Amino acid sequence: MAKIELSNIAHTYEPTVENPMYALKKLNMVWEEGGTYALLGPSGCGKTTMLNIISGLVRPSQGQVLFDGVNFTEYSTPARNIAQVFQFPVIYTLMTVEENLDFPLKCRRVPEKERKKRVREVAELLNLSDKLKRPARKLAADEKQLISLGRGLVRSDVSALLLDEPLTVIDPQLKFEIRRKLKTINERYGLTMVYVTHDQNEAMSFADTIVVMNNGEVVQAGTPQELYEKPETTYVGYFIGSPSMNFIKCHLDSGRLSTAGGSIPLPSSVSVPEDRKNLKLGVRPRFVSFADPGAQRALKGRTEMVQEFGNYRIATVRIEEDIVRLKLSPGAEIPADDAWISFPESKICLYANDVLVNGNR
Ligand code: ATP
């Protein structure tokens, strides 16, 4: 296990081009020893590039990769002692499941007794115990991926376990179970784990820290709760949460936030922004509720749509150009036309030019 630092890292795949595109723009990032991290972002934002820079599969165009403070930038992948699991299974087809799991230990000359113990432990964890003697090629795709995962987990000496969308081919029921097991492994062995995904639910249920990326940049790193409650940009507010955060255009008027549906007082915790342009009030759907017509601190709109999801319902209210979604309990009443909505002051986030306003953190 190790603390891993990316110091002033940037990367382009077009080093000879005059004005190259940067897959990763200059950034600093620390992965603490024993932490569970998710790298979350849309396709092409640079997640895999970052993971491959940590493992040594990609040499960064700029900056340094430090393991426990030592510069490993020039070191090969094997010298970094990293286990990496990819999106699709990488297994030895001519070996049995047991031989596949044992192989990384055998290569490192781990004593046989210890090898047997580790293989048994990992097989049990991944529900592969009864398949140990079977040829790996005869297993289904999701079971083959479990072998890849097992090969990453079987070594106790790795600096970190890097997982690049490892559960894509796994059945949804099993996905949840495996994520839970990865958490158990982290607790038991204290492994530093970095898990790449574009699925926020996967990230939320796996990681202690989520690193949200966009367009080659880290836009916010924090706990699932921090990202949910205080997204630092409207991008994170949109990307995290289902439905995403609501944004209502507003401007400051005599200490109030004035919207197309009426005005509400500027929350006392928010300092008046210097930059008053392009202000948006952000609030999560589950903090919005319907209010009595004309109620104080309520905004007026019109109900546009109601969607049933069994254990909750989503009401969509339009306030001129803005759409506000409310996440309500199954039996909640929803006004048919004119609708007044309100939300607690403490749940309001204010954004200027799509960045959370100071004093709102
Ligand atoms: P995905 O979720 O689709 O795998 P990602 O977030 O992991 O995407 P990367 O694979 O790191 O993103 O890609 C970042 C950018 O770098 C993209 O524009 C991609 O096209 C480009 N890129 C990635 N690998 C290479 C490569 N080997 N050669 C050239 N360009 C590349």
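Read the numbers this way: they start at 1 and go in the same order the structure lists the ligands and their atoms. Keep in mind the model is a prediction, meaning the values are calculated, not measured.
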*Scan the protein's non-hydrogen atoms and note whether one is under 4.0 Å from atom 31 (C) of ligand 1.*
yes
_From His198, Lys47, Met213 - option closest to atom 2 (O) of ligand 1 by heavy atom_ = Lys47
*What's the shortest distance from atom 23 (C) of ligand 1 to any protein heavy atom, and which residue and atom give it?*
Tyr13 CE1, 3.4 Å
*Please verify whether a non-hydrogen atom of Gly216 lies at under 4.0 Å from ligand 1.*
no
*Answer yes or no: is there a donor N or O on one side and an acceptor on the other, between the side chain of Arg155 and the main chain of Arg151, under 3.5 Å?*
no
*Taking only heavy atoms of Pro42, which atoms of ligand 1 are found under 4.0 Å from at least one of them?*
6 (O)
_Whether Glu165 lies under 4.0 Å from ligand 1, heavy atom_ = yes
*Can you find an N or O of Cys45 that's nearer than 3.5 Å to an N or O of ligand 1?*
yes
_Check: Asp199 and Asn201 side chains under 4.5 Å, non-hydrogen atoms_ = yes
*Look at ligand 1 and say whether Gly41 reaches it with a heavy atom at a distance under 4.0 Å.*
no
_For atom 4 (O) of ligand 1, the protein heavy atom that lies nearest, with its residue and separation_ = Thr48 OG1, 3.7 Å
_Shortest protein heavy-atom distance from atom 17 (C) of ligand 1, along with the residue and atom involved_ = Gly44 O, 3.7 Å
*Take Ser61 and Tyr22, measure what side chain to side chain donor-acceptor pair (under 3.5 Å) needs, and give me the verdict at the end.*
CA-CA 9 Å; Ser61 313; Tyr22 272 80; 5.6 Å; no
*asked:* For atom 20 (O) of ligand 1, is there a protein heavy atom at a distance under 4.0 Å?
replied: no
*asked:* Less than 6.0 angstrom from the centroid, inside 45 degrees of the normal: does Arg284 satisfy that with respect to the ring of Tyr228?
replied: yes
_Protein heavy atom at shortest distance from atom 12 (O) of ligand 1_ = Gly46 N, 3.1 Å
*Considering all heavy atoms of both residues, which atom of Cys45 and which atom of Asn215 are nearest to each other, and what is their separation?*
CB-N, 3.7 Å
*With distance as the sole criterion, is a donor-acceptor pair present between the side chains of Asp208 and Thr36 under 3.5 Å?*
yes
*Give the minimum heavy-atom separation between Leu101 and Ile147, together with the two atoms involved.*
CD2-O, 3.8 Å
*asked:* Could you tell me if the side chain of Glu304 sits less than 4.5 Å from the side chain of Ile323, heavy atoms only?
replied: yes
*At what distance is the nearest protein heavy atom to atom 11 (O) of ligand 1, and which residue and atom is it?*
Thr49 OG1, 2.5 Å
*Heavy atom of the protein closest to atom 3 (O) of ligand 1 (residue, atom name, distance)*: Ser43 OG, 2.5 Å
*With Ile240, the side-chain contact (heavy atoms from CB on, under 4.5 Å) member among Glu226, Met245, Gln200*: Gln200
